[in-house]
Amino acid sequence: MTYWWDFCPRMIHVGIWDEVSLEITGPVRIEDVFVSPHLSNDLSQAAVTVSTALSTTRETMADVETTIRYQGRTVASRRRTQALSPGQTDLAVRLEVEQPQLWWPNGHGEQALYEAEVTVIDRDDDGGAESDRRRTTFGIRRVELVANETADTTARPYTFVVNGRRLYIKGWNWVPLDVMYGVERPEKLERLLTLARRAHVNLLRVWGGGLIEKEAFYDLCDRHGIMVWQEFIQSSSGIDNHPSHDSEFVRMMVREAGQIIPRKRNHPSL
C-alpha cells in the first residue's frame, strides 16, 4: 500500500514497524497452542481439541496441564505426562464442554469468549518447576458457507450459516488506519470498530493490499462480533488476473502462511 494507492501517498516503510519481544522460558518451551472447537448438531456440546507444540533441547519428562475457563471458572481440564525428545513434540488433548456459551456475530447474540491455558512442568528441573505457560482466548461457534438461495446452479456458496442460522452479511472493506501504520492508535481503532458495530456491520474484509493487522484489531473484532475476511498480502486489480505461476512467489506465500495462520487462527472472528 505504501508504494502508493489511490487513498494514500507513496511513503515506503523501512525497518521494524511492529513490536519486538524477548521471551525467556524454562527447558521446555510452548511454541504454539491451537484451539479447535467442534459443536454438536444441537449445539448442546462442544468437543474442544487443544493442540500444543512443545520444544526442548534435551530428553525430559514433562507434565502438561490443559485448562479451559469461562469468565474465570474452570469448565474442563486435563493433565498428562509426556516424554520429550530434543526437537518439537506435538500434543493434542480433547476436552468436552457441556452447554457451551456460543460466540455470535454482531446483532445475533452474545460474543462469549473462553480462555485456554496450557502449563508445562519440567519434571527433571528442580524436582518439577514450571517451564512455560501459554494462554489464548477463543470462541465456540460453527461457521459454514452454503449455496445462495437462487435457481442459478453455478452460484458460489456465499451464504453464511453461523451456529445453524442463516445470516444476512453486511460489511465494509478495512484498510490500515494510517499510512504510518507502525504507530499504535488504540483510541482510533476502538472508535472505528465501535462505529462499525453500531452500524450493524458483522463482517469486515481486510484488504489484501494492506496489512495482516495487529492483535488489537482481531481482539476487538472478537469482542464486537465482527467477523473477519482476512486476505493475504496480495491484491488483484482486475477480474482477468490469474494465480501466480512464479515458483519463488508461491514459496514465499507458503512461508508467509506458515507464519501468519498460527498467530491468528484462535480468533473466533476470523
Side-chain angles (χ1 to χ4, degrees), residues 1-25 31-34 103 105-107 111 113 115 134-139 169-239 241 243-244 246 248-270:
M1 178 194 75
T2 56
Y3 280 81
W4 182 81
W5 215 268
D6 53 8
F7 60 86
C8 67
R10 180 179 172 89
M11 193 177 293
I12 300 170
H13 281 223
V14 294
I16 296 171
W17 66 274
D18 206 352
E19 65 180 16
V20 177
S21 62
L22 177 65
E23 296 181 0
I24 300 175
T25 70
E31 299 290 350
D32 182 50
V33 174
F34 173 37
W103 187 93
N106 182 30
Q111 289 76 51
L113 293 175
E115 178 187 75
R134 182 78 64 91
R135 295 186 183 96
T136 185
T137 58
F138 69 98
I169 296 302
K170 176 180 179 179
W172 306 328
N173 288 329
W174 177 270
V175 300
L177 293 176
D178 197 297
V179 67
M180 300 298 293
Y181 52 73
V183 181
E184 298 285 350
R185 305 192 188 279
E187 296 84 5
K188 185 176 182 181
L189 180 65
E190 176 76 54
R191 176 177 175 271
L192 291 178
L193 290 179
T194 298
L195 290 174
R197 176 176 56 82
R198 290 176 181 174
H200 307 292
V201 164
N202 55 22
L203 186 141
L204 290 174
R205 171 218 178 194
V206 179
W207 172 62
L211 297 174
I212 304 296
E213 284 286 345
K214 298 184 181 185
E215 279 298 290
F217 171 81
Y218 304 95
D219 288 339
L220 283 172
C221 287
D222 291 345
R223 284 174 26 208
H224 288 317
I226 300 173
M227 296 186 291
V228 178
W229 184 301
Q230 176 68 61
E231 296 183 352
F232 284 94
I233 301 301
Q234 53 186 324
S235 181
S236 170
S237 298
I239 60 173
N241 289 49
S244 175
D246 184 319
E248 180 53 37
F249 179 80
V250 173
R251 284 195 295 270
M252 182 195 74
M253 291 302 300
V254 171
R255 292 195 302 269
E256 291 289 299
Q259 291 291 322
I260 293 165
I261 291 174
R263 297 183 187 185
K264 306 300 182 188
R265 60 187 174 181
N266 289 330
H267 289 282
S269 58
L270 195 62

To the nearest 0.5 Å, how far apart are OG1 in Thr194 and CG in Leu220? 7.5 Å

So does Asp222 get a backbone contact from the side chain of Trp103, meaning a donor-acceptor N/O pair under 3.5 Å? yes

Identify the heavy atoms of Val201 and Leu204 that sit nearest to each other, and give their distance. CG1-CD2, 4.1 Å

Please confirm whether the backbone N or O of Asn106 pairs with a side-chain atom of Asn202, one donor and one acceptor, at under 3.5 Å? no

State, to 0.1 Å, how close Ser269 and Ile226 come at their nearest heavy-atom pair, and which atoms those are. CB-O, 3.2 Å

Tell me whether Trp17 at atom CH2 has more than 12 heavy atoms from other residues, nucleotides or ligands lying less than 6.0 Å away. yes

If you draw a 6.0 Å radius around CG in Leu195, do more than 12 non-hydrogen atoms from other residues or ligands fall strictly inside? yes

Qualifying residues under salt bridge (Lys or Arg N to Asp or Glu O under 4.0 Å), relative to Arg255, sequence neighbours excluded: Glu248

Inter-residue atom distance Asp32.CG - Arg263.CZ, 0.5 Å rounding: 10.5 Å

Grab the two heavy atoms, one from Glu190 and one from His224, that are nearest each other, plus how far apart they are. OE2-NE2, 3.4 Å

Can you tell me how far apart CG (Asn173) and CZ (Arg205) are? Round to the nearest 0.5 Å. 4.5 Å

Sequence neighbours left out, what pairs pass salt bridge (charged side-chain N to carboxylate O under 4.0 Å, His left out) with at least one residue falling in residues 9-21? Asp18-Lys214

Would the number of heavy atoms belonging to other residues, nucleotides or ligands and lying under 6.0 Å from CZ of Arg265 be above 12? yes

Which is it for Leu211 and Phe217 under the side chain to side chain contact (heavy atoms under 4.5 Å, CB included) test, yes or no, and what are the steps along the way? CA-CA 11 Å; Leu211 297 174; Phe217 171 81; over 6 Å; no

Nearest-0.5 Å distance, CD1 of residue Ile261 to CD of residue Glu256: 11.0 Å

Please name the pair of heavy atoms, one in Pro105 and one in Met227, separated by the smallest distance, quoted to 0.1 Å. CG-SD, 4.0 Å

Out of curiosity, Glu215 CD to Lys264 NZ, how far, rounded to the nearest 0.5 Å? 4.0 Å

Least distance between heavy atoms, Val33 atom then Thr136 atom: CG1-CG2, 4.2 Å

How close do Phe232 and Ile212 get, heavy atom to heavy atom, and via which atoms? CA-CD1, 4.5 Å

Does atom NE2 (His13) have a neighbourhood of more than 12 heavy atoms from anything else shown, all under 6.0 Å? yes

Do the ring planes of Trp207 and Trp5 sit parallel (below 30°), tilted (30 to 60°) or perpendicular (above 60°)? perpendicular

Give the intermediate values and the outcome of side chain to side chain contact (heavy atoms under 4.5 Å, CB included) for residues Val228 and Glu213. CA-CA 11 Å; Val228 178; Glu213 284 286 345; over 6 Å; no

Leu193 side, atom CG; Cys221 side, atom SG - distance, nearest 0.5 Å: 5.0 Å

Whether over 12 other heavy atoms sit under 6.0 Å from Tyr3 OH: no

